[in-house]
Amino acid sequence: MKTEHLLPAVGDTEELGAELAGIVVPGDLVILVGPLGAGKTAFTRGFGRGLGVTEPVTSPTFVIARVHTGGRLPLVHVDAYRLSGAADVDDLDLDVTVADSVTVVEWGQGLVEQLADEHLEVRLERRDDDVRTALLVPHGPGWEHRIG
C-alpha cells in the first residue's frame, strides 16, 4: 500500500478508509490528523464500511466516543477535539476496549499515542482546490510492515 494518496472526491477518502480497514487487527490504533474539513469523518465512515459496520458512522464530536459493532472487529470512533489533555483521555477508559477492537481517533495527535505500542497516523489535508490528500505515517514495525 502506498503512503501518499490524492483524494479528489469524498468517495476516494472513504475508499482509502475501507482499504485500510482490510489490514487492521484487534488492538490497532489509527490517529487522524488534519484541519476541519480535511476528511477525517469521511475516512472513518469508509473505514467502518470496510470493517462491515452497517450502522451510520458519524462524527462523535458531542458524545466524544462511539462504539460500532457488527463488523469484522468493533470500531471505537473517538473525537478528541474537545479533550484538553491526557487526563481527559484517561477518563474515557479507552484502554479497556483497545485490545479487542480498532480505535480511530480524530484530533488525537499528542493525546492518545500511549493507548497502543504502535499506531498509524493518517495526515489528511484539504488543498485550495478542495482536493484532499492523505499521508500514511506508520509508527512501529507492525504498521511499517503492513503499509510499507
Side-chain angles (χ1 to χ4, degrees), residues 1-3 5-126 130-140 142-143 146-147:
M1 176 178 291
K2 62 183 181 175
T3 57
H5 299 265
L6 190 64
L7 309 166
V10 172
D12 298 312
T13 305
E14 292 176 355
E15 190 54 41
L16 176 60
E19 186 179 339
L20 281 171
I23 64 169
V24 295
V25 297
D28 276 346
L29 173 63
V30 179
I31 301 173
L32 306 181
V33 179
L36 284 170
K40 294 179 292 296
T41 300
F43 174 91
T44 308
R45 190 169 42 247
F47 194 92
R49 187 186 73 229
L51 286 175
V53 171
T54 57
E55 62 193 15
V57 175
T58 59
S59 177
T61 299
F62 297 103
V63 295
I64 310 295
R66 284 195 173 99
V67 178
H68 300 280
T69 58
R72 177 172 71 82
L73 296 169
L75 168 61
V76 179
H77 182 196
V78 180
D79 186 328
Y81 184 77
R82 299 187 186 290
L83 302 180
S84 60
D88 287 347
V89 173
D90 287 343
D91 288 345
L92 294 175
D93 287 331
L94 293 174
D95 54 339
V96 172
T97 59
V98 167
D100 300 323
S101 56
V102 177
T103 304
V104 175
V105 184
E106 299 184 28
W107 303 100
Q109 186 178 33
L111 292 172
V112 298
E113 289 86 354
Q114 78 282 356
L115 292 174
D117 292 334
E118 24 184 82
H119 65 277
L120 177 66
E121 184 177 310
V122 179
R123 296 181 189 164
L124 295 158
E125 294 291 332
R126 181 173 154 190
D130 278 341
V131 171
R132 272 76 171 172
T133 60
L135 177 64
L136 307 180
V137 183
H139 294 268
W143 277 110
R146 284 183 272 169
I147 300 298

Side-chain heavy-atom pair [X], [Y] within 4.5 angstrom cut-off:
X	Y	value
I147	V137	no
E125	L135	no
F47	V102	yes
H119	T103	no

Exercise for review: Please confirm whether the backbone N or O of G34 pairs with a side-chain atom of K40, one donor and one acceptor, at under 3.5 Å?
Suggested key: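 Checked: pair present.
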Check your understanding: Between R146 (side chain) and P138 (backbone), is there a donor-acceptor pair under 3.5 Å?
Key ->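 Pair absent, no side-chain N/O of R146 close to backbone of P138.
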Residue pair [X] / [Y]: nearest heavy atoms and the distance that separates them:
X	Y	answer
G27	A116	O-CB, 4.1 Å
G48	V57	CA-CG2, 4.4 Å
T133	L7	C-CD1, 4.2 Å
E106	T44	OE2-OG1, 4.1 Å
P8	V131	CA-CG1, 4.0 Å
R45	V10	NH2-CG1, 4.0 Å

Distance (rounded to the nearest 0.5 Å) between [X] [atom1] and [Y] [atom2]:
X	Y	atom1	atom2	answer
T13	H5	OG1	NE2	11.0 Å
L29	W143	CG	CH2	9.0 Å
I31	L120	CD1	CG	9.0 Å
L20	L51	CG	CG	10.5 Å
R126	R132	CZ	CZ	4.5 Å
H139	E121	NE2	CD	4.0 Å

